[in-house]
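Shown next, in structure tokens, is the structure this report addresses.
Chain A is the first sequence line, chain B the second, and so forth, proteins listed ahead of strands; every chain is numbered from 1. Please read all numbers here as calculations on a predicted model, not as lab measurements. Side chains are part of it too, since the values below use all heavy atoms of this structure and drop only hydrogens, waters and symmetry mates.
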Amino acid sequence: MNPGGVIVVSAEFCVTIRAILLVSDVETHTNLVADLRKLRSPMRWTQTFIPTLKEVPSDAEVPSHQLMLRSGMIRQLMAGAYTYMPLGYRVVRKVTEIVREEMDRAGGVELFMPALQPIELFERTGRKEAFGNVLFNFETKRGDRKLHFALGPTHEEVITDLVSRELKTYKQLPVTLYQIQTKFRNEERPRFGVLRTSEFLMKDAYSFGSSLEQLNDAYDAMYNAYCRIFERCGLEYIPVEAESGPIGGDASHEFMAPADNGEDFVVRCKSCGYAANQERADTGRTSSTPAKVDGAAEPQKVATPDAGSIDDVSRMLKADAATFIKTLIYVADGKPVAVLIRGDHEANEGKVRRALDATSVELADEATIEKVTGAPVGFAGPVGIKCAYIADHDIAQIASAITGANEKDAHLTGVVPGTHFELSETFDLRNADAGDPCPKCDATLEIVHGIEVGHVFKLGTKYSESLDANYLDSEDKKHPIIMGCYGIGVTRVVAAIVETCHDEGGIVWPMSVAPYTVELIPLNVTDEEVMAAVNKIYDELKEAGIDVLMDDRDQRPGFKFKDADLIGLPVRVVVGGKGLKEGNAEIKLRTDSEATMVPIGDAVAHVKNLINTNMPSARS
RNA sequence: CGGGAUGUAGCGAAGUUGGCUAUCGCGCCUGGUUUGGGACCAGGAGACCGCAGGUUCGAGUCCUGUCAUCCCGACCA
């Protein structure tokens with residue numbers, strides 16, 4: 001080549017060169033596409049790299065972490081950063097491909113943005129502050145210029161900036177753009193192996209529209225695509241109502257995979273299907289005002305030395321926590337406010353903030369508490385408190401309560417809400433809990449743990465306004481573009497699948513995302529007859545486009561069976577021994593306890609049939 | 001960032017009130033016997049006991065500091 005010289009070239013040649021030059025930018029994606037072809041290629045165990053572990057590494061506590069390490073899917077580099085080994089990466093690619101197919105099907109258009117981003121974008125949207133330490137950012141030098149970069153925790157800024165430059169008119173809308181890319185978040189505490197890491201693969205999509213209808217259409221399309229994705233991945237999920245956005249209505253849903261080790265709590269109603277993030281869920285109560293009791297006995301003061309917690313006092317007085325009024329002192333927009341919650345309930349800061357119509361709410365420090373209650377922390381109560389207070393709905397239902405006496409080492413018993421302290425209105429101020437009435441029907445709510453695997457959100461114009469992303473309507477008027485954003489944690493989906501699909505022996509992959517579909521095991525690799533039969537099946541599976549891993553290691557059968565259960569491929573085909581003498585191969589699903597004997601000539605057809613009947617499909 | 005725990009060979013562990021050449025199982029290498037649910041025999045390699053100081057005649061063991069990892073909490077557009 002002679003890049004500096006003058007060459008006359010054809011237009012076609014230019015396109016070729018352009019394509020080559022672009023490769024560096026889109027290399028990852030190009031490689032992914034090339035790799036997908038390789039996904040269909042078979043593999044021999046001795047030629048790949050699957051280091052399985054017999055024992056559980058001492059650092060791993062949750063099942064997905066243990067199994068992904070043991071099966072050789074991942075290895076840790078440092079806290080919150082993992083290498084995806086060949087086996088693990090194949091699963092990532094399979095999930096990625098399902099995500100891509102469904103995004104495309106829903107009308108999404110794929111692109112690829114830089115992880116490296118100028119800090120100015122985050123300053124313009126105010127998210128440098130909002131993210132705080134979670135945003136990886138650093139200064140560096142180019143010549144004598146100082147540069148300040150961030151590693152993208154998400155891409156609202158970058159894509160909105162792009163769209164602000166490229167999309168000008170309503171005629172170009174609506175459009176939904178997406179990418180599959182590594183995100184960086186400086187988590188204070190990465191944990192649970194691959195479930196919460198500081199670097200992870202995410203599919204993020206952004207919709208741009210000129211009307212609420214267009215936003216709603218894009219939102220619904222993404223919502224449905226998400227359902228299809230999780231169904232095709234064989235992952236159980238619950239769409240839950242999450243924080244309602246600036247536009248109101250069902251502006252946000254999270255997709256939760258129910259799992260014992262999930263960090264999120266979901267309340268749901270089995271009867272009507274209502275489901276919501278515990279923090280957002282309505283408790284299903286309404287405001288009530290207790291009638292004033294005339295002639296009620298005055299509260300009794302009891303000594304509770306050194307007992308400042310509900311636990312301590314309820315033990316000391318042998319009383320149920322549900323008869324306590326917990327008095328939490330918050331500071332809302334600079335003013336102290338007491339929040340009354342039943343002793344066995346948990347206050348919810350978001351609800352408190354909304355009830356007070358405040359912009360900031362935080363728990364008060366000790367000095368403020370002492371000033372307001374005249375007592376050290378732990379002895380606050382509504383009777384005689386020197387600040388405003390608001391009460392949860394359930395407070396009005398307590399006939400006779402125990403509260404702090406606003407005096408060191410003392411509590412009051414026999415406190416009647418509405419009589420001994422003013423109570424004209426109550427609010428929903430606490431987290432919903434198991435047993436609460438469902439806000440949508442007559443049944444009661446239950447609580448399940450969940451792993452958040454996806455989130456769809458109607459953004460509105462927050463980013464388009466701060467980054468000047470506008471369109472012109474047919475009357476030449478300028479409006480901010482209406483946006484939605486939609487994320488799936490791809491690597492978290494993988495972990496969630498392992499977390500929920502396993503047994504004592506190891507992983508039990510759904511057919512659709514298994515690193516290979518079939519594990520082919522020759523019982524004795526030194527036996528020529530066995531190997532001839534196995535190689536034939538191997539070639540036929542390869543010909544049929546089925547992912548197969550042949551365990552050609554010179555190991556005893558039991559050893560290979562244990563590893564096969566551990567890595568959890570859905571179909572196991574065993575050749576050798578008595579079966580082979582009778583001309584049979586032995587075929588078994590990972591979920592089966594007994595194998596089926598199938599004539600060797602029919603093995604591949606049988607496998608195909610198993611794949612077809614066990615492939616998870618989209619219900620929606 | 002608060003609280004707790006742990007760092008000994010690639011993995012899992014033992015190591016007593018400070019004492020001899022740091023132990024065991026798995027894995028790894030060589031040779032042999034085996035071959036249907038993690039085989040057996042023989043031989044072998046592999047560790048400055050997380051790191052840095054200190055106490056001591058002597059430190060894996062005691063003290064101080066430091067780093068790393070895990071767990072609980074706070075935090076998580």
Side-chain angles (χ1 to χ4, degrees), chain A residues 51-62 65-66 69-70 72 75-82 121-122 125-136 150 152-157 160 183-193 195-198 200 202 204 206 242-243 245-246 252 254 261 263-264 277 279 349-350 362-363 451-452 455 457 459-460 462-463 466 483 485-487 489 492 504-506 521-527 530 551 553-567 572 574-581 584-586 588 593-595 597:
Chain A
T52 56
L53 301 171
K54 202 179 286 188
E55 291 177 279
V56 180
S58 55
D59 280 345
E61 202 132 310
V62 299
H65 191 197
Q66 295 182 346
L69 284 168
R70 287 190 56 211
R75 286 294 182 261
Q76 184 180 53
L77 176 64
M78 58 182 175
Y82 287 83
L121 281 180
F122 289 91
T125 58
R127 288 216 294 180
K128 182 170 183 281
E129 285 293 305
F131 273 117
N133 197 241
V134 172
L135 184 71
F136 278 110
T154 173
H155 281 68
E156 278 85 1
E157 278 80 2
T160 309
K183 298 288 188 272
F184 298 87
R185 294 183 193 182
N186 191 18
E187 297 288 350
E188 296 299 317
R189 183 153 91 85
R191 64 190 122 164
F192 302 145
L195 273 171
R196 187 172 207 83
T197 51
S198 30
F200 58 95
M202 181 170 173
D204 46 325
Y206 307 89
E243 181 180 335
S252 171
E254 289 166 344
N261 289 302
E263 294 181 83
D264 294 279
N277 191 311
E279 290 173 7
E349 271 188 31
E362 56 181 359
L363 278 169
I451 298 165
E452 184 189 342
H455 196 167
F457 203 98
L459 278 177
K462 176 173 156 57
Y463 295 96
S466 52
M483 292 173 58
C485 69
Y486 318 92
R492 188 181 271 183
E504 303 75 40
I521 302 182
L523 280 182
N524 185 344
V525 295
T526 57
D527 183 321
V530 170
D551 190 350
R553 292 174 299 175
D554 188 7
Q555 290 286 356
R556 296 159 64 87
F559 184 94
K560 295 193 199 179
F561 293 154
K562 288 288 185 190
D563 261 356
D565 287 346
L566 179 60
I567 71 170
R572 194 183 81 183
V574 176
V575 176
K578 280 171 288 183
L580 182 61
K581 286 205 182 75
N584 289 330
E586 176 185 312
K588 146 181 176 342
S593 50
E594 295 296 324
M597 300 305 274

As a quick check of understanding, evaluate salt bridge (Lys or Arg N to Asp or Glu O under 4.0 Å) for A:Glu263 and A:Arg191, giving each step before the final call. CA-CA 10 Å; A:Glu263 294 181 83; A:Arg191 64 190 122 164; 3.2 Å; yes
Measure from [atom1] on [X] to [atom2] on [N] and round the result to the nearest Å.
X: A:Arg191; N: B:C75; atom1: CZ; atom2: P; answer: 11 Å
X: A:Glu349; N: B:C75; atom1: CD; atom2: C1'; answer: 11 Å
X: A:Asp551; N: B:U35; atom1: CG; atom2: P; answer: 19 Å
X: A:Leu77; N: B:U69; atom1: CG; atom2: P; answer: 10 Å
X: A:Asp204; N: B:A77; atom1: CG; atom2: P; answer: 16 Å
X: A:Asn277; N: B:A77; atom1: CG; atom2: C1'; answer: 15 Å
X: A:Glu61; N: B:C72; atom1: CD; atom2: P; answer: 7 Å
X: A:Asp554; N: B:U35; atom1: CG; atom2: C1'; answer: 9 Å

Taking atom [atom1] in both [N] and [M], what distance in whole Å separates the two?
N: B:U69; M: B:C41; atom1: P; result: 40 Å
N: B:G73; M: B:G37; atom1: C1'; result: 43 Å
N: B:C57; M: B:G43; atom1: C1'; result: 39 Å
N: B:U66; M: B:C20; atom1: C1'; result: 32 Å
N: B:A68; M: B:U16; atom1: C1'; result: 29 Å
N: B:C28; M: B:A47; atom1: C1'; result: 15 Å
N: B:G2; M: B:G18; atom1: C1'; result: 35 Å
N: B:C24; M: B:A42; atom1: P; result: 14 Å

Closest heavy-atom contact between [X] and [Y]?
X: A:Thr125; Y: A:Ser466; answer: CG2-OG, 3.5 Å
X: A:Asn186; Y: A:Phe136; answer: N-CE1, 3.4 Å
X: A:Phe192; Y: A:Asn261; answer: CE1-O, 4.2 Å

Quick one: pull up [atom1] in [X] and [atom2] in [Y] and give me the separation to the nearest 0.5 Å.
X: A:Ile521; Y: A:Lys588; atom1: CD1; atom2: NZ; value: 9.5 Å
X: A:Asp264; Y: A:Asn277; atom1: CG; atom2: CG; value: 6.0 Å
X: A:Lys462; Y: A:Thr160; atom1: NZ; atom2: OG1; value: 10.5 Å

Sequence neighbours left out, what passes salt bridge (Lys or Arg N to Asp or Glu O under 4.0 Å) with [X]? Give chain and number order.
X: A:Glu187; answer: A:Arg196
X: A:Glu61; answer: none
X: A:Glu157; answer: A:Arg127
X: A:Glu586; answer: A:Arg572

Ring centroid separation for A:His65 and A:Tyr82, is it under 6.0 angstrom?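 Ring centroids of A:His65 and A:Tyr82 are less than 6.0 Å from each other.
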Applying side chain to side chain contact (heavy atoms under 4.5 Å, CB included), can you list everything that pairs with A:Thr526, at least two apart in sequence or on another chain?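 Counting only residues at least two positions away or on another chain, A:Thr526 forms a side chain to side chain contact (heavy atoms under 4.5 Å, CB included) with A:Asn524, A:Asp554.
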For A:Asp59, enumerate each residue passing the side chain to side chain contact (heavy atoms under 4.5 Å, CB included) test, keeping only those at least two apart in sequence or located in another chain.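 Partners of A:Asp59 under the side chain to side chain contact (heavy atoms under 4.5 Å, CB included) test: none.
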So what does A:Phe122 hit on the nucleic acid, given a heavy-atom distance under 4.0 Å: a base, only sugar-phosphate, or nothing?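 If one applies the 4.0 Å heavy-atom cut-off, A:Phe122 turns out to touch nothing in the nucleic acid.
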Base, sugar-phosphate or nothing for A:Ala130? Non-hydrogen atoms, less than 4.0 Å.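 Since no nucleic acid heavy atom lies under 4.0 Å of A:Ala130, the category is nothing.
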From the list B:C70, B:A13, B:C71, which nucleotide is the closest neighbour of the side chain of A:Ser58?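 Selected nucleotide (nearest to the side chain): B:A13.
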How is the base pairing of RNA chain B summarised as a dot-bracket string, given the Watson-Crick and G-U wobble criteria with both distances under 3.5 Å, [ ] for crossing and | for another strand? (((((((..((((.....[...)))).((((((.....)))))).....(((((..]....))))))))))))....
Could you write out each protein N or O paired with an N or O of nucleotides 3-9 of chain B at a distance under 3.5 Å?
none

Under 3.5 Å between N/O atoms: give me all the protein pairs with nucleotides 36-39 of chain B, atom names plus distance.
residue, atom, partner, partner atom, Å
B:G36, O6, A:Gly576, O, 2.7
B:G36, N1, A:Glu586, OE1, 2.7
B:G36, N2, A:Glu586, OE1, 2.7
B:G36, N2, A:Glu586, OE2, 2.6
B:G37, O6, A:Arg572, NH1, 3.0
B:G37, O6, A:Arg572, NH2, 3.4
B:G37, N1, A:Asp565, OD2, 3.2
B:G37, N2, A:Asp565, OD2, 2.3
B:G38, O2', A:Lys54, NZ, 3.3
B:G38, O6, A:Arg70, NH2, 3.4
B:G38, N1, A:Asp563, OD1, 3.2
B:G38, N2, A:Asp563, OD1, 3.2
B:G38, N2, A:Asp563, OD2, 3.4
B:A39, O4', A:Arg556, NE, 3.4

Quick one: side chains of residues 558-566 of chain A, donor-acceptor pairs under 3.5 Å with protein atoms, not counting sequence neighbours, listed by atom name and distance.
residue, atom, partner, partner atom, Å
A:Lys560, NZ, A:Pro522, O, 2.9
A:Lys560, NZ, A:Asp551, O, 3.1
A:Lys560, NZ, A:Arg553, O, 2.8
A:Asp563, OD1, A:Thr52, OG1, 3.1
A:Asp563, OD2, A:Thr52, OG1, 3.1
A:Asp563, OD2, A:Arg553, NH1, 3.1
A:Asp563, OD2, A:Arg553, NH2, 3.0

Between A:His455 and A:Gly193, just flag the one whose closest nucleotide in RNA chain B comes earlier from the 5' side.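 Result: A:Gly193.
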Go nucleotide by nucleotide along RNA chain B from the 5' end; which of A:Val56 and A:Thr526 gets its closest nucleotide reached first?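 The residue whose closest nucleotide sits nearer the 5' end is A:Val56.
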Residue list, ring pair (Phe, Tyr, Trp, His ring centres under 6.0 Å) with A:Tyr486, at least two apart or on another chain: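 Expected list: none.
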Give me the distances for all protein-to-nucleotides 23-25 of chain B N/O pairs that come in under 3.5 Å?
residue, atom, partner, partner atom, Å
B:G25, N2, A:Glu55, OE1, 3.0

A:Arg189 side-chain N/O to B:C70 phosphate OP1/OP2 under 4.0 Å: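 So the side chain of A:Arg189 is outside the cut-off, no N or O lying under 4.0 Å from OP1 or OP2 of B:C70.
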